[in-house]
Amino acid sequence: MSEPVSQARRALNETPADRLVGGIGEVLTRSYGITDVELYQVDYRLAELLPLTEGDPITNPGHPAWRAFDHQSPILTDGTAWFPVTMRGERRGVLCLAPVPDDRTVLAELADIATALAHEVAAVAAGTDVYQAARRTQRLTLAAEMQWDLLPGRSRIRPSFSLAGQLEPAYAVRGDSFDWSDDGQRLWLSTINGTGEGVAASLLTSLATHALRNARRAGLSLADQAALADRAIYDLYRGEQHLSALLMELDLRSGMMTVVDAGSPRLVLLRDGEVTEQPLEAQFPLGMFEETDYHEQKFPLERGDRLFVVSDGVVDAAGQHVRYGETALDRFLRRTGPMEPLDAVRSLIGDLRAFVAGDLVDDAVVVCLDWSGPQP
């Protein structure tokens, strides 16, 4: 590790949480003569790159900043460089630096610093509102604030899988959500198709998410995780409120997928360019009845498989008196084959927004999982 990179890492560790960009800016000026430093974070809609301190939002998809964000590689144009600010596949935005020489070694070192910045922003985010507040173009509803704080992130990459998800309408989502976790041997993924309005919907989803996490962290099987969450919701709402969920557990050593369909969103498989709906054993939504028994089903994934989980808000999105529908969805999913999961999710949401000529009205959740196969 070069001395400037070491100094930048030290600055990130020692600088107050709200001044991370300024902290590395001083190192960049001393070491590289860089005078302009700005962090652009991607907003909740995945539609704009917003400056942390000053400047205009970047919306043009052809802009170098978006090229760096999309391709996850540095872009240098006329002395200004844009670097992905990404942590373990979680794309937070881009770092803009100038002037930057066209020097491969310097660009590699600055890319390392941008990655270190991503890790530090993630580490301090719970203790300061500076970064959260700067990545929104409008006020979140209270329900949406609660939903976004529930999420594990929007994307995740490991050698054996890539994963991404998005909620819509981003600034006013109510009950739809997703969650994931992995331990190197298994990946757990849950997708919730919530019910209700406003904060009441978010509270219901929050209860289900925390109940599922509690059961998962206790080492319970997928069916027992569903049963515990079902009981927690029923005990509070006595069947008057319930929600649909799809629980998945992927064995990263074999590619075997275990699923519990609790009135779930739609599960779609993209394999060799063909789109098929994965048949699932429909079971009762969580919280509908007391002491529901849930059953697991299994199916194997093949290398290169892509799975989409989509809630009914996607298929039922309405344009001019026409639903988006399953045919349009399947056609679009087929076109996402070459894209990374986050790009596929963002493209689908963008297509939905274009179809309805604005933001979605009803909640929608989209999750994309790529299976690369067991790794040594």
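Start at 1 with the first residue, then count along the sequence.
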Going by ring pair (Phe, Tyr, Trp, His ring centres under 6.0 Å), name the residues that satisfy it together with F161, two or more places apart in sequence or in a different chain. none

How many angstroms lie between CG in L342 and CD in E90, if you round to the nearest 0.5 Å? 8.0 Å

Just to verify, what does D70 make a salt bridge (Lys or Arg N to Asp or Glu O under 4.0 Å) with, not counting sequence neighbours? R346

Taking S73's backbone N and O only, do any of them form a donor-acceptor pair with H71's side chain (distance below 3.5 Å, no angle check)? no

Under the salt bridge (Lys or Arg N to Asp or Glu O under 4.0 Å) rule, collect the residues that match up with D363, sequence neighbours excluded. R174

Between atom CD of Q147 and atom OG of S206, what is the distance when rounded to the nearest 0.5 Å? 7.5 Å

Any non-hydrogen side-chain atom of P341 less than 4.5 Å from a side-chain atom of R306? yes

Linking I/L/V/M/F/W/Y whenever any side-chain heavy atoms sit under 4.5 Å apart, do F332 and L352 land together? yes

Counting distance only, does the side-chain N/O of S155 pair as donor-acceptor with the main-chain N or O of A164 below 3.5 Å? no

Given the options Q138, R154, Q132, Q166, Y44 meets side chain to side chain donor-acceptor pair (under 3.5 Å) only with Q132

Got a donor-acceptor contact below 3.5 angstrom from the E277 side chain to the R266 backbone? no

Heavy-atom donor-acceptor pair, D230 side chain to G287 backbone, under 3.5 Å: yes

Could you note down all residue pairs passing side chain to side chain donor-acceptor pair (under 3.5 Å) where residues 7-25 supplies at least one of them, sequence neighbours left out? E3-Q7, E3-R10

R92 side chain near Y131 side chain, heavy-atom distance below 4.5 Å: no

Heavy-atom closest contact (I24 atom, L117 atom, distance): CD1-CD2, 4.2 Å

At what distance, to the nearest 0.5 angstrom, does CD of Q241 lie from CE of M288? 11.0 Å

Answer yes or no: is there a side-chain heavy-atom contact under 4.5 Å between L267 and L280? yes

Check the surroundings of atom CZ in R238: do more than 12 heavy atoms from other residues, nucleotides or ligands lie under 6.0 Å from it? yes

Who pairs with Q41 by side chain to side chain donor-acceptor pair (under 3.5 Å), at least two apart in sequence or on another chain? none

By salt bridge (Lys or Arg N to Asp or Glu O under 4.0 Å) - contacts of R253 (at least two apart): D251

Any pair counted as side chain to side chain donor-acceptor pair (under 3.5 Å), so long as it reaches residues 109-121, sequence neighbours left out: S2-E109, Y32-E109

In terms of hydrophobic clustering (I, L, V, M, F, W, Y; side-chain heavy atoms under 4.5 Å; direct or indirect links), are V100 and L39 co-clustered? yes

Can you label the angle between the W66 ring and the F69 ring as parallel, tilted or perpendicular, going by 30° and 60°? perpendicular

What do the steps show when you test L187 against W371 for side-chain contact (heavy atoms from CB on, under 4.5 Å), and what is the final call? CA-CA 11 Å; L187 164 69; W371 169 240; over 6 Å; no

Within the supplied structure, the quantity of interest is the number of heavy atoms (other residues, nucleotides, ligands) at a distance under 6.0 Å from F284 CZ; does it exceed 12? no

Using a strict threshold of under 4.0 Å (side-chain N to carboxylate O), is an ion pair present between E291 and R231? yes

Give, for atom CG of D182 and atom CZ of R158, the distance between the pair rounded to the nearest 0.5 Å. 4.5 Å

Kindly say whether V365 contributes a backbone atom to a donor-acceptor pair with the side chain of S311 at under 3.5 angstrom? yes

So, R353 and D359, do they make that salt bridge, N to O below 4.0 Å? yes

Enumerate donor-acceptor pairs with a distance under 3.5 Å from any side-chain N or O in residues 77-89 to protein atoms, sequence neighbours excluded.
unit_1, atom_1, unit_2, atom_2, d
T86, OG1, Q72, OE1, 2.6

V356 reachable from V310 in the ILVMFWY side-chain graph, under 4.5 Å edges: yes

Take atom CG in D272; do more than 12 heavy atoms of anything else shown fall under 6.0 Å from it? no

Of the non-hydrogen atoms in P159 and S372, which two are nearest, and what is the gap between them? O-CB, 3.5 Å

Mind running side-chain contact (heavy atoms from CB on, under 4.5 Å) on T29 and E26 for me, showing each step along the way? CA-CA 5 Å; T29 299; E26 296 171 4; 5.9 Å; no

Please check if atom CG in D129 has more than 12 non-hydrogen atoms from other residues, nucleotides or ligands closer than 6.0 Å. no

Worked verdict on V345 versus V367 for side-chain contact (heavy atoms from CB on, under 4.5 Å): CA-CA 7 Å; V345 168; V367 175; over 6 Å; no

About how many Å separate CD of E168 and CG of L46, when rounded to the nearest 0.5 Å? 8.0 Å

Hydrophobic side-chain clustering at under 4.5 Å (ILVMFWY, transitive links): who's grouped with L228? Put none if nobody. L220

Closest non-hydrogen atoms of L212 and A229, given as atom of the first, atom of the second and distance, are CD2-CB, 3.7 Å

L301-L270 co-clustered via ILVMFWY side chain contacts under 4.5 Å: no

side-chain contact (heavy atoms from CB on, under 4.5 Å) between L189 and L307, intermediate numbers included: CA-CA 12 Å; L189 170 63; L307 287 173; over 6 Å; no

What's the separation between atom CD1 in I75 and atom SG in C96, rounded to the nearest 0.5 Å? 12.5 Å

State which residue, out of K298, E296, E249, fulfils the side chain to side chain donor-acceptor pair (under 3.5 Å) condition with T258. K298

So, using side-chain contact (heavy atoms from CB on, under 4.5 Å) as the criterion, who are the partners of A208 when residues are at least two apart? I192, I233, L243

Can you give me the closest heavy-atom contact between R67 and G62, atom names plus distance? CD-O, 3.5 Å

Contact between P99 and T35 at the side-chain level, heavy atoms closer than 4.5 Å - yes or no? yes

Same cluster for L140 and F178 if Ile/Leu/Val/Met/Phe/Trp/Tyr side chains link at under 4.5 Å? yes

Do L246 and N193 have side chains that approach each other closer than 4.5 Å (heavy atoms only, starting at C-beta)? no

For the side chain of T336 and the backbone of L333, is there at least one donor-acceptor N/O pair under 3.5 Å apart? yes

Is it possible for you to check whether R139 lies under 6.0 Å from the centre of the six-membered ring of Y171, through NZ or CZ, and within 45° of that ring's axis? no

Of the non-hydrogen atoms in G373 and S160, which two are nearest, and what is the gap between them? O-CB, 3.4 Å

Heavy-atom closest contact (V260 atom, A226 atom, distance): CG1-CB, 4.0 Å

Sequence neighbours excluded, the answer for side-chain contact (heavy atoms from CB on, under 4.5 Å) partners of D179 is P152, S190, T209, R213, R216

Under a 3.5 Å distance rule, please check whether D330 uses its side chain to pair with a backbone N or O of V275 as donor and acceptor. no

Please identify each residue that fulfils salt bridge (Lys or Arg N to Asp or Glu O under 4.0 Å) with E281, with sequence neighbours left out. none

